[in-house]
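Take a look at the structure below.
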Amino acid sequence: MNWMALSDPQAWMIASAEAIASVVIVTGLLQVTFYFVLLLYAGAALGTRPPVPRSATLWRRYSEQAPAISVLAPAFNEELSIVESTRSLLALQYPDFEVIVINDGSKDGTLARMIAEFGLEKVDRFIDSGVNHAPISGFYASPRLPRLLVVDKENGGKADALNAGINCARTALFCAIDADSILESDALLRVVRPFIDEPHLTIAAGGTIRIANGCKVDAGRITDIRLPTNFLALVQIVEYLRAFLMARVGLGKMQALTVISGAFGLFRRRQVVEVGGYSHGTVGEDMELVIKLHKLMREAKRDYRIDFIAEPVCWTECPDSLAVLGRQRARWQRGALECFVKHKGMLFNPRYGRIGMIGFGHILLVDVLGPVLEILGYVLVPLLWALGLLALPWLLAFLAVTFTLGIFLSMATLVLEEIQLRRFPKARELAVLAGIAVVENFGYRQLSNVWRLQGWWQFVRKQQSWGTMVRKGFSAA
């Protein structure tokens, strides 16, 4: 070691600047490398279990073996979209299911609209007491709609509402969705495939979430897939493709999936009750449920599978304003940190196998360290280069990792979408999304990391509020 050089203040500052740049660049390279691996696994998963193109084929293959499912839709102030969403659920193509809408103490006209639209009347209903939730005020049903039950309860949050639905469910499987979402008619038939193929192993499965902004809706169905004109909605389409088609399909193939979206997931009720249902006091209840299931099965040394299926699609309305989107992303970040800290003993713990090594390693790299180090890189690397403390190759390496490889991954995900699913039939739409995949890296990505840092700050302050999600409702055909 050259102690004389280190005693020189300028040499010490250059060494410190290079150390900072190294940490930022190496972390970025690790993230990109991991995403490349996920992309390969996602391609392999879609290749070994290719999507079934026609609903009629699905029905012939699986309808006779398909187990009964309870669809749970928690609703809080969903007056604008609750009727369309419920119609969508009632029209699902599945042999045996019930729809349970849980009104979680809404302050708007959610319950009144449901009663008026579907001719509901108050009824009695026996429920289990497997998991805890706030008191139920009443049950509503209609003889002409035997599949539909509406549960009216005191406000307790989304996790509490889902727990009430679990207690009301009369089936071995339940599907948790958001009440502002629309399932494609064959979504249950598609997502139930792992439960039919490996019934003694599969305890949970997730499906893809797509953005409904800009699409046309009629009688609870997406009748015309269109791209939105709002930039924030467009960029979220690309984000969702990366998150679901690449990351979650890949992690599912690895059997290291740590989150199934609260907007669409299928679970075996017995194991969920065994872990106490959805946790209260967290905004990451969907992520923590999956982690608790992994923990339960690993500690009991029971064989199991938690899968992700790309082609069952749930459509949801995404935020199209900076304020609402920022609150959502900060909340997601806070939820990931809460789950990580609560179950930090699983990180790199051989007892938990792939979920501890890969799943929690992914959370550490992407959710815990990712936003902090990326923002640090955006601020410090250009500044240190401008001050002459970093040579040009350091700056170019940072830009390559941050922008070039990021753009490539987004483009590769679009290619995977076109090869396997083809949800965007027009070449113009793919061209627009390709453009967005480039543009998002210059401004939006940096802003997204700022929102995630806000989530970090909220986590440190132990903030628990969800914030307000403004809905505009689906566009009628």
Side-chain angles (χ1 to χ4, degrees), residues 1-40 231-232 234-236 238-239 241-243 246-247 250 322 326 329 333 361-416 431-457:
M1 180 178 292
N2 191 337
W3 295 100
M4 292 296 293
L6 286 178
S7 64
D8 182 353
Q10 185 176 10
W12 181 86
M13 287 190 292
I14 290 173
S16 300
E18 290 179 352
I20 292 171
S22 296
V23 170
V24 171
I25 292 170
V26 168
T27 304
L29 280 173
L30 287 174
Q31 287 188 12
V32 169
T33 302
F34 189 73
Y35 281 131
F36 271 124
V37 173
L38 287 180
L39 188 63
L40 293 175
F231 172 78
L232 290 179
L234 280 169
V235 78
Q236 286 174 83
V238 177
E239 284 184 313
L241 283 174
R242 278 198 307 268
M246 179 183 70
L322 287 172
R329 296 311 164 88
Q333 176 69 23
H362 174 254
I363 300 173
L364 174 66
L365 189 63
V366 175
D367 294 313
V368 179
L369 300 177
V372 176
L373 291 178
E374 194 162 335
I375 287 291
L376 193 68
Y378 288 134
V379 174
L380 290 183
V381 172
L383 177 62
L384 293 172
W385 172 76
L387 293 174
L389 297 175
L390 277 180
L392 182 61
W394 287 99
L395 178 63
L396 295 178
F398 170 72
L399 294 176
V401 169
T402 305
F403 296 102
T404 308
L405 295 177
I407 292 170
F408 174 81
L409 285 172
S410 295
M411 292 295 190
T413 306
L414 286 176
V415 171
L416 197 60
V432 170
L433 293 178
I436 293 294
V438 176
V439 172
E440 68 163 332
N441 289 275
F442 304 94
Y444 175 80
R445 179 173 170 178
Q446 292 74 25
L447 180 60
S448 180
N449 276 295
V450 171
W451 290 330
R452 294 173 71 194
L453 279 184
Q454 290 175 352
W456 246 111
W457 177 240

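All values derive from a computational prediction rather than experimental measurement.
- Atom CG of residue Leu29 and atom CZ of residue Phe36 lie 10.0 Å apart, to the nearest 0.5 angstrom.
- Side chains of Thr402 and Tyr378 form a contact here, defined as non-hydrogen atoms less than 4.5 Å apart.
- In this structure, Leu389 CG and Ile14 CD1 are separated by 6.0 Å, a value rounded to the nearest 0.5 Å.
- To the nearest 0.5 Å, atoms CG (Asn449) and CD1 (Ile375) are separated by 5.0 Å.
- Taking both residues in full, the closest heavy atoms of Thr27 and Leu365 are given as CG2-CD1, 4.0 Å, listed atom of the first, atom of the second, then distance.
- In this structure, Gln31 has no side-chain hydrogen bond (donor to acceptor under 3.5 Å, both in side chains) partners at least two apart in sequence or on a different chain.
- In terms of modelled atom types and a separation under 3.5 Å, the side chain of Gln446 and the main chain of Gly443 share a donor-acceptor contact.
- Rounding to the nearest 0.5 Å places CG of Leu369 at 12.0 Å from CD1 of Ile363.
- Side-chain contact between Ile20 and Trp394: absent, with no pair of heavy atoms (C-beta onward) separated by less than 4.5 Å.
- A salt bridge between Arg452 and Glu374 is absent, with no side-chain N of the basic residue lying under 4.0 Å from a carboxylate O of the acidic one.
- Contact detail for Leu390 and Val381: the closest heavy-atom pair is CD1-O, 3.9 Å.
- Taking the ring centroids of Phe403 and Phe408, they lie at or beyond the 6.0 Å cut-off.
- Taking OG of Ser410 as the reference point, atom CD of Glu239 lies at 9.0 Å (rounded to 0.5 Å).
- A distance of 13.5 Å separates CZ of Arg242 from CG of Leu416, quoted to the nearest 0.5 Å.
- Between Asp367 and Pro371, the shortest heavy-atom contact is O-CD, 3.5 Å.
- Side-chain contact between Trp451 and Gln333: absent, with no pair of heavy atoms (C-beta onward) separated by less than 4.5 Å.
- Across every non-hydrogen atom of Leu409 and Met246, the tightest pair is CD2-SD, 4.4 Å.
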- Can you list the steps and then say if Tyr444 with Ile436 is a side chain to side chain contact (heavy atoms under 4.5 Å, CB included)? CA-CA 10 Å; Tyr444 175 80; Ile436 293 294; over 6 Å; no

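- Contact detail for Met411 and Val438: the closest heavy-atom pair is CE-CG2, 3.6 Å.
- Across all their heavy atoms, Ala397 and Ile25 have their closest contact at CB-CD1, 3.9 Å.
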